[in-house]
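Scroll down for the structure; my scribbles are underneath it.
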Amino acid sequence: MTPIPKSIETPLQHLPHPLFEQYGIDVWIKRDDLNHPTIQGNKWHKLMPNLVAARHQGKSQLLTFGGAYSNHIAATAAAGKHYGFKTFGWIRGDELAQKPHLWCHTLKQAQADGMTFEFMSRPAYREKETPDFLSELSKRYPQAYLLPEGGTNALAVSGFEKVMQTIEKQCPEWTHLYTAVGTGGTLAGLGYFAARSPLLNQNPKHLYGIATLRAADYLVPQIQHLMQCPGDAEPHFKWQLLTQYSGAGYAKTSLEVINLNNWFKTSFNIELDPVYTSKMVFGFMQELKQNRIPKGAKVILYHSGGLQGNPPSASVPERV
Ligand SMILES: *Cc1c(COP(=O)(O)O)cnc(C)c1O
């Protein structure tokens, strides 16, 4: 059996730019897009502890949920192929069931990696977390380890311990960190370990999640629960979910975000994905231009990956 690796250390890359100088801040990007080609970015950290648990429980299958463009679906399929689990993806939208010619790259790749799909109607998908449904599923798939949508659970949170330790080793003086939010597991994971950092006494740390779904405030109690830390519990640690940068909603971009993405690529030669990391950088830039980031701030942008859905050409698709 292929051993399940514990962690991968990625670079923290400095982003020198006259604009950042003008505002008196220093900016770095944590390149977790480089951690794995197919189990990329935050998905790696969320999956690994769950794969260890699945093996430990003697499960031979992984079953999870997601939309057709879900990076978590792609990562789960790739992880199953790599580490020897049969994978099942329960996908939102039954209109896709009979129309494989309409499948996006994510679904095609997941299928090539051996995933079997079950397409769910949207009302059924909304019921996927009810105890009745889950117990029914466990009976039908006794060999399967169930992963929630986006892979977010308490174990996923634990996967960010090493990430935060590495960030603090690479830049102990960081003061602000920005990360994209879908289900909030990544924000909770980074926050869980930042809030418990031995470095907190040296300088206060601020962690910001940029929501990519519209009206994402409902996520706050879940994130707080996973992080086990309210937003203002610590004098030296604050976290906040910023919901005003989601634009038209999940997986919908705007000309502004596309332009920013292109600016970022030209300035730093780093690719972002249109769904998550573009919006994260967009949110950060808006905060900067609104003078919400103090002079002297040491800012880290967390590149959570997600590049699997990008077209092979360098251009960003216009999904307005
Ligand atoms: C899935 C994903 C996110 C969202 O992570 P959550 O833990 O669900 O909030 C952010 N960035 C990228 C690139 C992703 O693929």
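All residue numbers refer to positions in the sequence shown, counting from 1. Computed from a predicted structure; not experimentally measured. Each ligand, and each atom within it, is numbered from 1 in the order the structure gives.
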Sub-4.5 Å side-chain heavy-atom contact between Arg92 and Glu149
yes
For the residue pair Asp113 and Gln109, establish whether any side-chain heavy-atom pair is separated by less than 4.5 Å.
yes
State the atoms of ligand 1, each with its element, that fall below the 4.0 Å cut-off from a heavy-atom position in Gly184.
6 (P), 8 (O), 9 (O)
Besides Leu146, the hydrophobic cluster formed by Ile, Leu, Val, Met, Phe, Trp and Tyr side chains linked at under 4.5 Å, directly or via other members, contains Leu63, Phe65, Phe88, Trp90, Met120, Tyr125, Phe133, Leu134, Leu137, Tyr141
Answer whether the closest heavy-atom distance between the side chains of Asn71 and Gln40 falls below 4.5 Å.
no
What is the closest protein heavy atom to atom 5 (O) of ligand 1, and at what distance does it sit?
Asn42 ND2, 3.0 Å
Which heavy atom of the protein is the closest neighbour of atom 4 (C) of ligand 1, given with residue, atom name and distance?
Gly182 N, 3.4 Å
Heavy-atom proximity to atom 8 (O) of ligand 1 ranks first, among Leu272, Ile210, Thr183, Leu190, for Thr183
Partners of Gln244 by side chain to side chain donor-acceptor pair (under 3.5 Å), sequence neighbours excluded?
none
Taking only heavy atoms of Val181 into account, list the atoms of ligand 1 that are under 4.0 Å away from them.
9 (O)
Atom 11 (N) of ligand 1: which protein heavy atom is closest, and how many Å away?
Ser304 OG, 2.7 Å
Are the side chain of Asn35 and the backbone N or O of Gly41 linked by a donor-acceptor pair below 3.5 Å?
yes
Please confirm whether Gly185 approaches ligand 1 to less than 4.0 Å, judged on its heavy atoms.
yes
Out of Leu307, Asn71, Asp32, Thr212, the nearest non-hydrogen contact to atom 15 (O) of ligand 1 is supplied by Asn71
Atom 14 (C) of ligand 1: which of Lys43, His303, Gln40, His72 has the nearest heavy atom?
Lys43
Donor + acceptor pair across side chains of Gln308, Thr106 (<3.5 Å)
yes
Between Thr186 and ligand 1, does any nitrogen or oxygen pair lie at a separation below 3.5 Å?
yes
Check for me whether Gly41 has a heavy atom closer than 4.0 Å to any atom of ligand 1.
no
Between Phe117 and Phe119, is the ring centre distance below 6.0 Å?
yes
Any atom of ligand 1 sitting under 4.0 Å from a heavy atom of Leu187?
no
Any atoms of ligand 1 less than 4.0 Å from a non-hydrogen atom of Gly306? List them with their elements.
13 (C)
With heavy-atom distances below 4.0 Å as the criterion, list the atoms of ligand 1 near Gly305.
13 (C)
Beyond-backbone contact of Phe268 with His17, side-chain heavy atoms, under 4.5 angstrom:
yes
Can Lys30 be said to sit on top of Phe160's aromatic six-ring, NZ or CZ under 6.0 Å from centre and within 45° of the ring axis?
no
Name the closest protein heavy atom to atom 6 (P) of ligand 1, giving the residue it belongs to and the distance to 0.1 Å.
Lys46 NZ, 3.3 Å
